[in-house]
Amino acid sequence: MAIQWFPGHMHLTRKAIEERIREIDVVIELLDARLPGSSANPMLAQLTAGKPALKVLNKQDLADPARTQEWLAHFNALSGTRALGLDASMAAPAKALIDACFALAPHRGSSMAKPMRVLICGIPNVGKSTLINTLKGKRAAKTGDEAGVTKIEQRIVLQDAFYLFDTPGVLWPRIIVAKSGYNLAASGAIGKNAFDEEEVALELLDYLRQHYPAQVEARYKLQGVAGQTDEQLLEAIGRKRGALQSGGRINLQKAAEVVIHDFRAAVMGRMTLETPAEFAEWLAHGQKLDAERQVKKDAIELDRAIRFKKVPRPPRVQATDDEISD
Ligand code: G4P
C-alpha cells in the first residue's frame, strides 16, 4: 500500500511563503542528495514559480557521488536554476551559497537599498536547522520578527545587504509518486508511525539489490542478491543478523529495522535511490494516476451535487445527423 502522509501546520507555511515571496530574490530549496526528486516539494515549485532557484543537495556525504553529479548537472541545465552539493561536515558553507545566489540574481545585494533576500525551504529532516545553525555562526544574527510576516519567521544576516529568511514548518502536499513515499520513509523524512517498516525495507531492498548489489553483499556477507526476491533477501539478512523469533523463524520486523538503519547511516556505502531519468518516469506515471483519480472524484462530486439539486443537470447533447453519419 502506498504511503500517504499529511502532517499539520502546512497552511501556516504556505501563507508565510505567499506573504514573503514577492520580495524574494532567490529561493533555496534544500533537497536530500539521496533522493533529490522525491525530497522536492511540488507545492513549493508552484508558489515560487518564476523565481531564481538554488537547489542544495544536502547530506551529500551519504549519497552516491556519481549520482550527485548527475543530479547537479540535471538541475544546472534548467533555466533560472543552480545547484550545489553540501553536507554538515563543511565548516563554512556560506560562501558557496552566497556566490550561487549572486550568480542567480546579480543585480541584488550590492547595497542596503537593494539587499539580496533569500528564502530557505526544505522538507523535515533534510538538515535545514543544522545548516542554518552553521550559517548563523558568529557574524550572522537572528533579528527576530518583521511586521507583516508570520511571527515565527526568522531573518538571518549572512553578510551586509544579504538576508536569509527561514520559514517555519514545511509544505507537504499529497505524495503522488508511490516510490517517493517509500524513499522518503527510508530516508527518515516521514514519521515512524506513518509507515510499515517491513514494506519500506522490501521496497528499499528491491532497489538496492538491482543498483548496489556488491555493497549489499559485502555488508551482510551474502551472494547473488541481484537474483533473489526482496522477501528472500530480507529473510537472508534477518538470518545473518540473528533476527530470530521463537521456533527459529525470522523476525522480519527486526530485519527491516536493520536494513533501514543501515541505509540511513550509510553503512552499506553511499547510495542514492533515484536518478533524474527514473524520477521523471515515476512522476509521469504518478501524475497520470492522479489525473485519473481526479476525473473520477469530479464525476462523483458532480453526481452528488445533481442529486442534492445544488447544480442543474447538464443538458443532454443530441447527436446531429452529421455526427451520426460519421
Ligand atoms: P531539519 O531541520 O531539516 O528537520 O533537519 P536537522 O537539521 O534537524 O537534521 C536532521 C538530521 O540530519 C540530524 O540528525 C542531523 O544531524 C542530520 N544531518 C543534517 N545535515 C546532515 C549532513 O549533511 N549529513 C549527514 N550525514 N547528516 C546530516 P539527528 O539529530 O541524528 O536526527 P535523526 O537523524 O535522528 O533524525
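Because only heavy atoms are used, hydrogens play no part in the values below, and waters and symmetry mates are left out as well, while side chains stay in. Every value quoted in this text rests on a predicted model; they were computed, and no experiment measured them. Counting starts at 1 for both ligands and their atoms, in listed order.
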For atom 23 (O) of ligand 1, what is the nearest protein heavy atom, given as residue, atom name and distance? Ala88 N, 2.6 Å
Could you find the nearest protein heavy atom to atom 12 (O) of ligand 1 and give me its residue, atom name and distance? Lys59 NZ, 3.0 Å
With rounding to the nearest 0.5 angstrom, report the CD1 to CG distance, Ile28 to Leu86. 9.5 Å
To the nearest 0.5 angstrom, please state how far the CD1 atom of Ile250 sits from the CZ atom of Arg241. 13.0 Å
Taking heavy atoms and a distance under 4.0 Å, where does Leu131 meet ligand 1: side chain, backbone, both or neither? neither
Using the ring of each side chain (for Trp, its six-membered ring), is Tyr212 parallel, tilted or perpendicular to Tyr207, with breaks at 30° and 60°? tilted
Approximate separation, where rounding is to 0.5 Å, of Leu184 CG and Leu273 CG: 10.0 Å
Starting from atom 16 (O) of ligand 1, find the nearest protein heavy-atom neighbour and note its residue, name and distance. Thr130 OG1, 4.3 Å
Just need the protein heavy atom nearest to atom 36 (O) of ligand 1, so name the residue and atom and give the distance. Asn125 OD1, 3.1 Å
What pair of heavy atoms forms the shortest contact from Val126 to Leu31, and how long is it? CG2-C, 3.4 Å
Spacing of Ile120 atom CD1 and Lys128 atom NZ [to the nearest 0.5 Å]: 7.0 Å
Judging by distance only, is a nitrogen or oxygen of Lys128 under 3.5 angstrom from one on ligand 1? yes
Tell me which part of Leu30 gets within contact of ligand 1: side chain, backbone, both or neither, using heavy atoms under 4.0 Å. neither
Regarding ligand 1, does Val126 bring an N or O atom to under 3.5 Å of one of the ligand's N or O atoms? yes
Which bit of Asp61 gets closer than 4.0 Å to ligand 1, counting heavy atoms only: side chain, backbone, both or neither? side chain
For this output row, return yes or no: ring centroids of His74 and Trp71 closer than 6.0 angstrom. yes
Could you tell me the residue and atom name of the protein heavy atom closest to atom 2 (O) of ligand 1, and the distance to it rounded to 0.1 Å? Ser129 OG, 2.4 Å
For atom 5 (O) of ligand 1, what's the nearest protein heavy atom and its distance? Gly127 N, 3.1 Å
